[in-house]
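Following: one structure in structure tokens, then a few remarks.
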Amino acid sequence: MLSIYIMKKLIVILLTFVTLTSCGNDPIPKPKGYLRLEYPEAKYQTYNQDLPFTFDKNVQSDTIRFKPLKDDVKSFGLNIEYKKLKGTIYLTYKAIDGKQRLFKYLKNAQNFTQEHTKKADAIEEVVWENPVNKVYGMFYEVGGNAASQSQFYVTDSINHFLTGSLYFYAKPNYDSILPAANYLQKDIKRIMESVVWKQ
């Protein structure tokens, strides 16, 4: 009788030991999953309209909308829309009229990017120089849940100043828009690399 009691006690102790040691790690919830999106290979053609510059545009973009800016007759905007990606690259051109304007435009472009530091995880700056075509500027890649994932400006420092920014038609969620942002950043870099000012 005593041995059955001891056996039951040992079994209970053994089961308790196994139960306590087998649950070593707490369960970890799986992160949200996102669809893997693949985009067609970018093909570019020169956009040569009645503008003071030309640039290469991805043929995958749907439309380019031209809009004059009210504050200056020598300024205008171009919107390169990507409906499938639910994004737009907004370009703004301003004619430079003296050094004071150049410094003002540079300061405004840099301040615009710095406004995103509140939501951004990081901002990476890449200097762009093309002395042959007299195109100098900066590309900004914004990491995190900022409203705009990329901005840039280019200028010849004398007559022309062009800025651009990328926006999506959705609440910023860096993980979900990252594939589209990477795809359109290549288009932005191609615009910067291909700008040729008209005399």
Side-chain angles (χ1 to χ4, degrees), residues 1-44 56-65 79-92 108-129 137-154 163-194:
M1 192 77 173
L2 185 60
S3 62
I4 293 176
Y5 176 74
I6 293 174
M7 292 278 280
K8 286 182 181 179
K9 194 98 165 153
L10 286 173
I11 291 172
V12 169
I13 292 172
L14 182 63
L15 287 175
T16 304
F17 177 76
V18 169
T19 303
L20 291 176
T21 58
S22 65
C23 299
N25 295 332
D26 293 333
I28 299 173
K30 292 184 179 180
K32 290 181 180 179
Y34 298 99
L35 294 174
R36 180 177 174 182
L37 303 173
E38 301 211 6
Y39 304 107
E41 182 181 342
K43 294 179 184 170
Y44 298 96
D56 288 351
K57 172 186 94 64
N58 188 342
V59 297
Q60 303 296 330
S61 63
D62 298 300
T63 56
I64 290 192
R65 295 189 185 184
N79 299 345
I80 306 172
E81 298 179 359
Y82 298 79
K83 291 180 182 172
K84 289 180 182 175
L85 302 179
K86 297 181 180 177
T88 299
I89 298 173
Y90 294 92
L91 302 177
T92 302
N108 288 345
Q110 292 165 352
N111 287 344
F112 178 72
T113 300
Q114 295 308 314
E115 287 176 14
H116 292 283
T117 56
K118 298 169 191 167
K119 294 276 185 177
D121 294 337
I123 298 178
E124 182 181 334
E125 302 175 352
V126 179
V127 176
W128 171 251
E129 293 182 7
M138 185 79 72
F139 172 80
Y140 299 98
E141 182 177 347
V142 182
N145 292 331
S148 175
Q149 299 300 313
S150 304
Q151 292 101 38
F152 77 93
Y153 68 84
V154 289
T163 62
S165 55
L166 169 63
Y167 285 90
F168 291 94
Y169 320 133
K171 182 179 177 183
N173 183 339
Y174 187 66
D175 292 333
S176 64
I177 64 171
L178 186 59
N182 288 340
Y183 183 81
L184 294 182
Q185 281 175 0
K186 292 176 187 173
D187 284 5
I188 288 174
K189 289 177 181 177
R190 181 64 177 255
I191 291 169
M192 293 177 70
E193 293 168 0
S194 63

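Heavy atoms only: backbone and side chains are in, while hydrogens, waters and symmetry mates are out. Counting from 1, the numbers follow the sequence of the chain as shown.
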Are [X] and [Y] packed together at the side-chain level, in the sense that at least one heavy-atom pair is separated by less than 4.5 angstrom?
X    : Y    : value
F152 : I191 : yes
I80  : T88  : no
Y44  : V59  : no
T163 : L91  : no
W128 : K189 : no
T92  : Y153 : no

Item to check | Pair L166-Y90, side-chain contact (heavy atoms from CB on, under 4.5 Å): steps then yes or no | outcome: CA-CA 6 Å; L166 169 63; Y90 294 92; over 6 Å; no
Checklist entry - Can you tell me if N58 uses its side chain to pair, donor with acceptor, with the backbone of Q60 under 3.5 Å? => result yes
Item to check | Polar side chain donor-acceptor pair, S165 to Y140, under 3.5 angstrom | outcome: no
Item to check | Any side-chain donor near an acceptor of the partner, S150 and Q185, under 3.5 Å | outcome: yes
Next on the checklist: Just to verify, what does Y183 make a ring-ring contact (aromatic ring centres under 6.0 Å, His included) with, not counting sequence neighbours?
Outcome noted: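 Partners of Y183 under the ring-ring contact (aromatic ring centres under 6.0 Å, His included) test: Y39.
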Checklist entry - Rounded to the nearest 0.5 Å, how far does CD of E81 lie from CD1 of I89? => result 11.0 Å
Checklist entry - Should the pair K83-D62 be classified as a salt bridge under the 4.0 Å nitrogen-to-oxygen rule? => result no
Checklist outcome for this item: Residues at least two apart in sequence or cross-chain that pass side chain to side chain donor-acceptor pair (under 3.5 Å) with S194, listed by chain then number, are none
Checklist outcome for this item: The residue among Q151, E124, M192 that forms side chain to side chain contact (heavy atoms under 4.5 Å, CB included) with F139 is M192
